[in-house]
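In what follows, a single structure is set out as structure tokens and then discussed.
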Amino acid sequence: MEITLVKRTIREIAENYNDNGEGGVYAYDNRLVVRPPYQREFVYNDAQRKAVIDTILKGFPLNVMYWSKNADLSLEILDGQQRTISFCQFINGDFAIPYGEGDDNMMYFKSLPTDVQERILDYELYIYVCKGDASEKLNWFRTINIAGAKLTEQELRNATYTGSWLASAKLIFSKTNCPANNLADGLLKKNTIRQELLETALKWISDNEISEYMSKHQFDEDASELWEYFQNVIEWVNNTFKCKYKEMCNIEWGELYNAYKDMELNPDEITAKVRALMADEDVQNKKGIFYYVLDGEEKNLNLRQFRESEKRSVYEKQGGICPICGEHYEYEEMEGDHIVPWSKGGKTDIGNLQMLCKKCNHEKSNRY
């Protein structure tokens, strides 16, 4: 991979700055994509933007920036988007800064003295420009992303696989009121701007092989396959669970869909089971109910355990004798056990508790 250090003035970078909203942000006479598809939306607040300009006015160095050179020789910002947009917006007249006497004396760029304007425009920035294949650029970007406001893993992946597919996917999954976010209301609560919803859909459809999926589809015309899959997942959930609980939010629905979509399920029976389990005081992990009614694994429920005081009381009543093998054991050598298993309607209360030696308890468990 080639990495070159260059110096560019703000005058050069801000030339023909253009913010097209969802269409992208461009600068450097339209040669630089300031906000490529993988980057987060602009997040600096007013104080942070003004701090960038104050740093420039004082002649202090801004942190080094990183650009990527593509095969067609166009440039994209890898790191430095926030700072670049800040000084371009200021030169463009989008906000004012305190200047002169008093904090209330606010001035826009064109209102500043000419020599101050020139000092800002002539300010030099140090920029590393890299050119290499996808994996090299992704590894490098992960390295430079260690410090500062870190990008998410999905934002990092997007840095490598930008293209027509990603542009389409972002329109569906990466805006505040995007179609996917509206469709999954109540079932998923993800930060769309930071690419969490897109990452979730990709994880489900690819069995967590997200980079492989994005590489394969990078230059697809659109993300229709992912969107159709996501709609199928949500439709399956709504058809399978005819109930709404707050605990349904952020379940790994795609994983359940992948595993059970081809099975014949009875939605009415499933819904009845869910309601009964929601009312069961022994079930401590209510979110686990939606897994349990499909896979039958009690570990998903985090069932309430007998209290130590209850186990000690029953141990003393039994005189330390295991009722199955008839042998005597110390308290620490025994375990609390449901006389009637929870799966058969037994409750976790002292009336349904017996103390068994560990061997007998494990053998008993294996028989149920």
Side-chain angles (χ1 to χ4, degrees), residues 6 8-57 62-70 72-97 99 106-112 117 120-125 127 129 141 145 148-149 151-152 154-156 158-159 161-179 181 191-195 198:
V6 300
R8 295 291 183 268
T9 64
I10 285 179
R11 186 192 306 274
E12 293 175 291
I13 296 174
E15 183 179 2
N16 290 327
Y17 171 77
N18 186 18
D19 186 344
N20 291 323
E22 292 186 1
V25 182
Y26 302 88
Y28 198 36
D29 198 21
N30 209 41
R31 288 174 288 172
L32 175 67
V33 182
V34 179
R35 192 183 69 211
Y38 58 83
Q39 284 281 27
R40 69 191 75 169
E41 303 296 330
F42 186 70
V43 296
Y44 270 11
N45 57 34
D46 286 345
Q48 291 171 310
R49 292 193 302 181
K50 291 170 184 176
V52 170
I53 306 306
D54 185 53
T55 299
I56 294 169
L57 283 171
L62 286 173
N63 290 339
V64 174
M65 296 185 183
Y66 300 87
W67 293 357
S68 171
K69 181 179 289 186
N70 300 319
D72 61 359
L73 302 184
S74 64
L75 298 162
E76 294 181 356
I77 290 184
L78 288 178
D79 188 64
Q81 179 203 126
Q82 312 295 325
R83 286 160 282 160
T84 300
I85 292 181
S86 292
F87 62 66
C88 285
Q89 284 182 339
F90 180 63
I91 293 169
N92 204 44
D94 292 347
F95 67 95
I97 62 168
Y99 189 83
M106 305 294 290
M107 299 188 71
Y108 289 89
F109 175 76
K110 291 185 177 180
S111 302
L112 294 171
Q117 292 183 31
I120 293 173
L121 294 172
D122 290 336
Y123 182 93
E124 288 187 327
L125 294 148
I127 303 159
V129 181
F141 195 26
N145 192 53
L151 299 180
T152 67
Q154 187 57 39
E155 288 171 323
L156 288 170
N158 290 357
Y161 303 112
T162 181
S164 53
W165 178 90
L166 182 60
S168 172
K170 286 193 69 178
L171 290 175
I172 300 169
F173 292 93
S174 301
K175 301 295 179 182
T176 301
N177 291 314
C178 61
N181 195 43
N191 189 326
T192 53
I193 300 301
R194 297 305 305 276
Q195 311 304 310
L198 175 58

>> Quick check: do Y99 and I53 have side-chain heavy atoms less than 4.5 Å from each other?
In response: no

>> Once you measure the plane-to-plane angle for F90 and F95, does it fall in the parallel (<30°), tilted (30-60°) or perpendicular (>60°) bin?
In response: tilted

> How far does OH of Y108 sit from CD1 of I97, to the nearest 0.5 angstrom?
Replying inline: 11.5 Å

>> Do N18 and N30 make a side-chain contact, defined as non-hydrogen atoms from C-beta onward lying under 4.5 Å apart?
In response: no

> To the nearest 0.5 Å, how far apart are CE in M65 and CD in Q81?
Replying inline: 10.5 Å

> Looking at S174 and Q195, what are the two nearest heavy atoms and their distance?
Replying inline: OG-OE1, 2.8 Å

> Run the side chain to side chain contact (heavy atoms under 4.5 Å, CB included) check on I13 and I127 step by step: do they pass?
Replying inline: CA-CA 11 Å; I13 296 174; I127 303 159; 4.0 Å; yes

>> Please find the pair of heavy atoms, one from S111 and one from Q117, that lie closest to each other, and give the distance.
In response: N-NE2, 4.5 Å

>> Atom NZ of residue position K50 - does it have more than 12 heavy atoms of other residues, nucleotides or ligands inside 6.0 Å?
In response: yes

>> Which heavy atom of D122 sits nearest to which heavy atom of T9, and what is that distance?
In response: O-CG2, 4.0 Å

>> With heavy-atom distances below 4.5 Å as the criterion, would you say the side chains of L121 and I91 are in contact?
In response: yes

>> Is any side-chain heavy atom of T84 closer than 4.5 Å to one of V25?
In response: no

>> If I compare all heavy atoms of Y28 with all of E12, which pair ends up nearest, and what's the gap?
In response: CD1-O, 3.3 Å

>> Quick check for you: to the nearest 0.5 Å, what is the distance between Y66 atom OH and L78 atom CG?
In response: 10.0 Å

> Measuring from Y123:OH to I56:CD1, what's the distance to the nearest 0.5 Å?
Replying inline: 6.0 Å

> Does the side chain of Q48 reach to within under 4.5 Å of the side chain of V52, using non-hydrogen atoms?
Replying inline: no

> Where do A27 and V34 come nearest, in terms of heavy atoms and distance?
Replying inline: CB-CG2, 3.6 Å

> Is the closest side-chain heavy-atom distance between L198 and L166 below 4.5 Å?
Replying inline: yes

> CG of N92 to NZ of K110: how many Å apart, nearest 0.5 Å?
Replying inline: 8.0 Å

> Rounded to the nearest 0.5 Å, how far apart are SG of C88 and CZ of R83?
Replying inline: 12.5 Å

> Are R194 and Q154 side-chain neighbours, meaning at least one heavy-atom pair lies under 4.5 Å?
Replying inline: no

>> Quick check: do L125 and L62 have side-chain heavy atoms less than 4.5 Å from each other?
In response: yes

>> Minimum heavy-atom separation for I193 and E155, please, with both atom names.
In response: O-OE2, 4.2 Å

